[in-house]
A.B. asks: 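Pasting in a structure now, in structure tokens, and then I'll have a few things to ask.
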Amino acid sequence: MEANTRGTGRLPAAFLTPGSSSFLDFLEAHRPELIPGRQRLPEGVMEAPHGTTIVAAIFDGGVVIAGDRRATMGNVIAQRDMEKVFPADEYSAVGVAGTAGLAIEMVRMFQLELEHYEKIEGAVLSLEGKANRLTTMIRGNLGMAMQGLAVVPMFAGYDTDLGRGRIFTYDVTGGRSEERGFAATGSGSVFARGSMKKLHRADLTAQQASTMVVQALYDAADDDSATGGPDLARKIFPIVSLITEDGFRRLTDEEVGAIAVSITDQRLTHPNGPQAPLL
């Protein structure tokens, strides 16, 4: 007869049995109700806060990923300082647009998935493998997405095997695409992508790439009410993170603030931002 381990401080035998290197598979076998996409929604669910807009760009030596801070609920600003860009591990990051609560849960699950793999296998998953694991998690949330609670992440990282930055985008079904140069997702993505299309170059430095993505978020906020621009009064600035061969680094508020102030000052005389040459 199996001993009852509740209250004894001991884990059940199933939790100590070696199995799949996937933490998601482990939950599927033992606690499927903890998987975000499997949770039951209460009756009469109210509209949930949504986050937008995420941008990323490859520069000479790595990749930058950034997000605005606004979360909306219908026509109301639900939160002004939401965090939408998170480190996945030492060499990758994930930015999320969509239903805020589910998005954060998915990020935490993804972080655990990568950590679990490393502990079980004794090796770090390749960047391609990490992108594939995120695909599986998004597909697991399809039921929620069909109910209007979609999560659309963007994944970026430094590929230590190839020695360069890479960007992956997804749709609500888990369909994955690798982007070349730059990418954007969320409600302001059309405007942010158009901005980066005119500003991006392959030889950008980390500082130039950081400035470019803040310019893109400014342009997105200029035309999309769900995207928040730099808030100088409250000192709320976009989250900007760099990933290079040295690993993940989030720029400080002071660093991003200096970029935002410089851009805002320039926009007083050039409200449409920097202009690209015709030829």
Side-chain angles (χ1 to χ4, degrees), residues 21-24 51 53-67 83-98 103-104 106-139 151-171 174-186 189 192-193 196 200 202-210 212-214 216-217 238-251 256:
S21 59
S22 169
F23 184 72
L24 200 61
T53 296
I54 306 298
V55 297
I58 295 170
F59 61 88
D60 185 16
V63 62
V64 58
I65 181 169
E83 298 206 6
K84 306 175 188 177
V85 177
F86 306 87
D89 64 1
E90 185 179 1
Y91 289 101
S92 63
V94 58
V96 288
I104 293 173
M106 184 176 291
V107 168
R108 290 173 178 167
M109 192 71 70
F110 185 52
Q111 291 169 332
L112 284 172
E113 175 80 355
L114 300 185
E115 184 178 350
H116 181 80
Y117 179 92
E118 185 174 349
K119 288 181 177 179
I120 295 297
E121 298 293 334
V124 178
L125 195 62
S126 69
L127 193 68
E128 191 86 22
K130 296 171 191 175
N132 288 336
R133 292 293 173 103
L134 188 53
T135 293
T136 302
M137 299 186 71
I138 298 169
R139 286 176 180 163
V151 177
V152 186
M154 179 187 292
F155 180 63
Y158 183 82
D159 193 318
T160 56
D161 295 325
L162 299 178
R164 61 181 176 86
R166 300 173 69 184
I167 304 168
F168 299 90
T169 57
Y170 302 83
D171 60 31
R176 190 195 79 181
S177 300
E178 181 170 2
E179 305 293 340
R180 305 295 179 185
F182 56 88
T185 190
S189 61
R193 189 181 296 111
M196 291 188 290
H200 184 265
D203 61 349
L204 291 175
T205 65
Q207 178 66 25
Q208 290 171 330
S210 299
M212 186 194 72
V213 294
V214 177
L217 289 172
I239 295 175
V240 180
S241 296
L242 300 171
I243 314 166
T244 66
E245 62 179 353
D246 296 323
F248 174 94
R249 184 175 83 86
R250 173 173 166 172
L251 299 190
V256 181

A.B. asks: Could you walk me through whether Phe110 and Phe155 pass the ring pair (Phe, Tyr, Trp, His ring centres under 6.0 Å) check?
C.D. replies: CA-CA 11 Å; Phe110 185 52; Phe155 180 63; 5.7 Å; yes
A.B. asks: Quick one, Val214 and Val240 - any side-chain contact, counting heavy atoms below 4.5 Å?
C.D. replies: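 Contact flag for Val214/Val240 side chains = yes.
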A.B. asks: Between Asp171 and Gly175, which heavy-atom pair has the shortest distance, and what is it?
C.D. replies: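 That closest heavy-atom pairing would be OD1-N, 2.8 Å.
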A.B. asks: Considering all heavy atoms of both residues, which atom of Gly165 and which atom of Val63 are nearest to each other, and what is their separation?
C.D. replies: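 Closest approach of Gly165 to Val63, heavy atoms only: CA-CB, 4.1 Å.
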A.B. asks: Mind checking side-chain hydrogen bond (donor to acceptor under 3.5 Å, both in side chains) for Arg193 and listing every partner two or more places apart, or none if nothing turns up?
C.D. replies: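 Not a single residue meets the side-chain hydrogen bond (donor to acceptor under 3.5 Å, both in side chains) criterion with Arg193.
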A.B. asks: Could you pull out the closest heavy-atom pair between Ile243 and Gly157, with the gap in Å?
C.D. replies: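 That would be CD1-CA, 4.0 Å.
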A.B. asks: Leu242 pairs by side-chain contact (heavy atoms from CB on, under 4.5 Å) with which of Phe59, Phe248, Tyr158?
C.D. replies: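 In the set Phe59, Phe248, Tyr158, the residue that makes a side-chain contact (heavy atoms from CB on, under 4.5 Å) with Leu242 is Phe59.
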A.B. asks: Is there a donor-acceptor contact under 3.5 Å from the side chain of Glu121 to the main chain of Glu118?
C.D. replies: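 Here the side-chain-to-backbone pair does not exist.
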A.B. asks: Rounded to the nearest 0.5 Å, how far does OG of Ser177 lie from CE of Met154?
C.D. replies: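 With rounding to 0.5 Å, CE (Met154) is 11.0 Å from OG (Ser177).
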A.B. asks: With rounding to the nearest 0.5 angstrom, report the CG to CE distance, Leu114 to Met109.
C.D. replies: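 Going from the CG atom of Leu114 to the CE atom of Met109 covers 12.5 Å.
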A.B. asks: Sort out for me which residue in Val94, Ile138, Val96 forms a side-chain contact (heavy atoms from CB on, under 4.5 Å) with Met106.
C.D. replies: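 Exactly one candidate clears the test, Ile138.
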A.B. asks: Less than 3.5 Å apart, any donor N or O on the side chain of Asp89 or Ser92 sitting next to an acceptor on the other?
C.D. replies: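 On atom types as modelled, these side chains qualify, holding a pair under 3.5 Å.
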A.B. asks: Identify whether the distance between the nearest side-chain nitrogen and carboxylate oxygen of Glu90 and Arg249 falls below 4.0 Å.
C.D. replies: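 A salt bridge is absent here (no side-chain N lies under 4.0 Å from a carboxylate O).
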A.B. asks: Does the pair Asp159/Arg166 count as a salt bridge with the N-to-O cut at 4.0 Å?
C.D. replies: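 The answer is yes: the pair qualifies as a salt bridge.
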A.B. asks: Is there a side-chain contact (heavy atoms from CB on, under 4.5 Å) between Leu251 and Ser210 once you walk through the steps?
C.D. replies: CA-CA 9 Å; Leu251 299 190; Ser210 299; 3.8 Å; yes
A.B. asks: Taking atom CD1 of Ile239 and atom CD of Glu83, what is their separation to the nearest 0.5 Å?
C.D. replies: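 The distance works out to 4.0 Å.
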A.B. asks: Between Arg176 and Glu128, is there a side-chain N and carboxylate O pair less than 4.0 Å apart?
C.D. replies: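 Yes, this pair counts.
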A.B. asks: Please name all residues satisfying salt bridge (Lys or Arg N to Asp or Glu O under 4.0 Å) with Glu179, sequence neighbours left out, ordered by chain then number.
C.D. replies: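 Once residues adjacent in sequence are excluded, Glu179 has no partner under the salt bridge (Lys or Arg N to Asp or Glu O under 4.0 Å) criterion.
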